[in-house]
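The structure appears right after this line, and notes come after that.
Protein chains get the first letters and strands the later ones, always in sequence-line order, with residue 1 at the start of each. Predicted, not measured: the structure shown is a model, and the values here were computed from it.
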Amino acid sequence: MKLRIAPSPTGFLHIGNARTALFNWLYARANNGTFLVRIDDTDTLRSSDEYIKDIIQNFKWLGIDWDEGIEVGGPHGEYKQSLRFDRYREIAESLVAKDLAYEDEGAIRFKVPNENSVTFEDITRGSMKFELADVEDFIILRSDKSPTYHLASTVDDIDYEITTIARGEDILSSTPKHILLMQALNADVPTFCHLPLLFGPDGKKLSKRHGDTSVNSFKEKGLLPEALFNYMCLLGWAPGDDLEIFSKDFAIEKFDLNKVLPNPAIFDTTKLLWMNGQYIRNIEKDDFIESALLTIESNLDRELFEKEIYRLNKIMPSVQERLETLNDLIPQVKFLLDEPFYINEEDWNSVNTPEGQEYLSSIREKFKTLNEFSLTNIENLMRDELKAKELKPKVGFQIARVSITGTKISPPLFESIYALGKEGTLARLAETIENL
RNA sequence: GGCCCCGUCGUCCAGAGGCCUAGGACGCUGGGUUUUCAACCCAGAAACGCCGGUUCGAAUCCGGUCGGGGCUGCCA
């Protein structure tokens, strides 16, 4: 069994293509088959090396690898259609010679018989039948001698011995043309599978009009490749038992093209975001810290200082529990960075009370003489002082939170103070008290 | 217009004639926990597009209808 994905490098890899690649990959891996990636760049004007690079890079990022094709090589050259124009031209001319195609204003059209019909079994759609009277003679070689998609794709699928073609439903109506070509070339017709399309929230084919749907954009939003992989699996397929979060190996073990739904799925990022949060929480603590620090550095566009890393390390376990994407990090940990510090005025006004101010002053004094600035000591000190002043937790803790983190929304208070350290905490308290 | 595909909660999926007073997840609403925000726990609202037929029995099979979508390029 041999499957393929044949992206056209006319744009960055988008989520629809990634999902088609994923299903092909899963099916190949599930059946010990071969997975091939080739580049369908017959549209030389719109194709670019930048896009080829992007496609390769993002397949890898998602954990999709291939056994044959672009970059990894194989018995058929470089797996780029732009390098095989001679081959396609030769085929087109041979078809003309056999009277199966003819010239038309410089281009070559395939001669479609007016009678009969083409039938085939589609894995997701069952028996398909197209009347040939509805199929026009289609161009296989343009007047500039470059091949059209129909020719190049079909010739490649034959030459590379593809056994199962799983592609988007948008090409379903072109399939009779491809089968006709294969028969004209005396090739075996592979098994077809037309996967449901991915729609945008408006119920139309996912495209640029739905905003940036490139895999890149999700990477930049701080999504984990594992989460995106998992989420894409669920668009048109489920492994059973209502299981939704699962590993790559589990997906491979359970995957079957026969079980893919025929109806289109709307790509809605809400659940993807939730799933990403689940994955973030499941990362090993140390691995999380490592990627968190990298993300912060890239968002800050600078390297972190030793002291910052020291502080961040302390807060990370708490932060890991409250992230949806890696990009949500900065607002949570900003108060620990050597960056300009501001107190949100609105937040401050909503927590500022005379009792609260007194509380701030007294914990400041107590902190000054606290020898071991440990988490438990901090908590005990702050709770004791609350009791001594007979204040509700909210009154004392919220004003302390705003004073120290700058906002009402932050990681847990004691952890935040502990992470900031004694000096930092005293400085923040001093600053707010003096500005009262 | 023509050809084709599709139709279960707002969304993703379960359901392959009786297990369905239709299940899970996200989201939403209410509650619990709580110093904030999350996380977590509990509860709730929420769907078989419609009409016929087959059958003792249909979300499941058939027909029609309506609705949505795709293709209809010397793009793929």
Side-chain angles (χ1 to χ4, degrees), chain A residues 6-11 17 40-43 45-47 81 104-109 122 124-126 128-131 133-136 138-153 167-176 194 196-197 199 201-205 231 233-245 259 261-275 277-278 281 318-324 328 331-332 347 350-351 379 382-383 386 391-402 405 407-414 416:
Chain A
S8 290
T10 53
N17 262 146
D40 278 15
D41 53 351
T42 52
D43 186 350
L45 274 181
R46 293 197 300 144
S47 296
Q81 294 189 330
D104 177 22
E105 294 188 46
I108 293 178
R109 281 185 190 274
D122 189 283
T124 51
R125 279 151 227 289
M128 301 295 312
K129 181 179 183 184
F130 289 85
E131 296 299 332
D134 297 321
V135 182
E136 299 291 304
F138 54 98
I139 291 184
I140 54 177
L141 203 71
R142 301 183 188 109
S143 50
D144 67 358
K145 304 303 172 204
S146 67
T148 60
Y149 161 75
H150 301 302
L151 210 222
S153 177
R167 57 195 355 182
E169 197 204 316
D170 49 347
I171 319 178
L172 179 56
S173 10
S174 296
T175 305
H194 288 91
L197 257 23
F199 283 175
D202 61 351
K204 296 209 180 1
K205 193 163 90 164
Y231 177 75
C233 284
L234 259 17
L235 260 22
W237 177 75
D241 296 325
D242 287 331
L243 228 88
E244 303 214 289
I245 294 194
K259 300 246 306 274
L261 259 33
N263 50 303
I266 291 175
F267 188 84
D268 173 22
T269 51
T270 315
K271 190 166 181 173
L272 168 61
L273 255 22
W274 163 79
M275 189 170 277
Q278 298 293 312
R281 262 156 246 133
S318 304
V319 171
Q320 186 174 2
E321 298 300 314
R322 53 204 84 215
L323 291 184
E324 208 159 50
D328 298 337
Q332 296 242 13
D347 283 359
S350 72
V351 297
E379 174 162 2
M382 291 183 70
R383 286 198 189 280
L386 212 58
L391 290 176
K392 284 187 176 167
K394 196 168 186 172
V395 177
F397 290 166
Q398 279 300 75
I399 193 169
R401 182 190 307 281
V402 176
T405 70
T407 127
K408 286 206 290 190
I409 298 172
S410 82
L413 183 58
F414 309 129
S416 296

What nitrogen or oxygen pairs link the protein and nucleotides 40-45 of chain B at under 3.5 Å?
{"residue": "B:C40", "atom": "OP1", "partner": "A:Q278", "partner atom": "NE2", "Å": "3.4"}

A:I171 CD1 - B:C5 P separation (whole Å): 17 Å
Upstream residue (5' side of RNA chain B) when A:P262 and A:P393 are each assigned their closest nucleotide: A:P262
Pair A:D40-A:T42, side-chain donor/acceptor within less than 3.5 Å: no
Expected output: side-chain A:S8 to main-chain A:T10 donor-acceptor under 3.5 Å: no
Side-chain touch A:D122/A:E169, heavy atoms, less than 4.5 angstrom: no
Pairwise C1' distance, B:G30 and B:A45 [rounded to whole Å]: 10 Å
Donor-acceptor pair (no angle test) under 3.5 Å: A:R125 side chain, B:C5 base: no
Pairwise P distance for B:C48 and B:G7, with rounding to whole Å: 16 Å
Atom-pair distance (NZ on A:K204; C1' on B:C6), nearest Å: 15 Å
Any N/O donor-acceptor pair, A:S143 side-chain to B:C74 base, under 3.5 Å: yes
A:M128 side chain reached by A:H194 side chain, heavy atoms, under 4.5 Å: no
Gap in Å between the two P atoms, one belonging to B:C61 and one to B:U8, rounded: 13 Å
A:K205 side chain near B:C71 phosphate (N/O to OP1/OP2, under 4.0 Å): yes
Protein-nucleotide distance (A:L272, atom CG; B:A25, atom C1'), rounded to Å: 14 Å
Distance, P atom - from B:U29 to B:G15, rounded to whole angstrom: 31 Å
Base-pairing mate for B:G49 - Watson-Crick or G-U, with both contacts under 3.5 Å: B:U65
Over all atoms of both residues, closest heavy-atom pair of A:F130 and A:L172: CZ-O, 3.9 Å
A:V351 side chain reached by A:R401 side chain, heavy atoms, under 4.5 Å: no
Pairwise P distance for B:G69 and B:A58, with rounding to whole Å: 32 Å
A:R167 CZ - B:G70 P separation (whole Å): 18 Å
Separation of the P atoms in B:C5 and B:G10, to the nearest angstrom: 27 Å
Which residue lies more 5' along RNA chain B, comparing A:Q398 with A:G203 via nearest heavy atoms: A:Q398
Atom of A:V319, atom of A:L323 and distance for their closest heavy-atom approach: O-CG, 3.4 Å
Test item: A:D144 side-chain N/O and A:S146 main-chain N/O as donor-acceptor pair under 3.5 Å: yes
Flag if over 12 foreign heavy atoms under 6.0 Å of CD, A:E136: no
Taking only nitrogen or oxygen atoms into account, show me every contact under 3.5 Å that the protein makes with nucleotides 11-16 of chain B, one pair per line with its distance.
{"residue": "B:C12", "atom": "OP1", "partner": "A:I266", "partner atom": "N", "Å": "3.0"}
{"residue": "B:C12", "atom": "O2'", "partner": "A:L234", "partner atom": "O", "Å": "2.8"}
{"residue": "B:C12", "atom": "O2", "partner": "A:K271", "partner atom": "NZ", "Å": "3.4"}
{"residue": "B:C13", "atom": "OP1", "partner": "A:G236", "partner atom": "N", "Å": "2.5"}

Watson-Crick or G-U counterpart of B:A25, or none if no pair lies under 3.5 Å: B:U11
Complement of B:C3, any strand, by Watson-Crick or G-U distances under 3.5 angstrom: B:G70
Base-pairing assignment for B:U60 (Watson-Crick or G-U wobble, both under 3.5 Å): none
Spacing between A:L197 atom CG and B:C4 atom P, to the nearest angstrom: 18 Å
Atom-pair distance (CZ on A:F199; P on B:G67), nearest Å: 17 Å
Nearest-angstrom distance, C1' atom, B:A14 to B:A59: 12 Å
Any donor-acceptor pair under 3.5 Å from A:S416 side chain to A:P411 backbone: yes
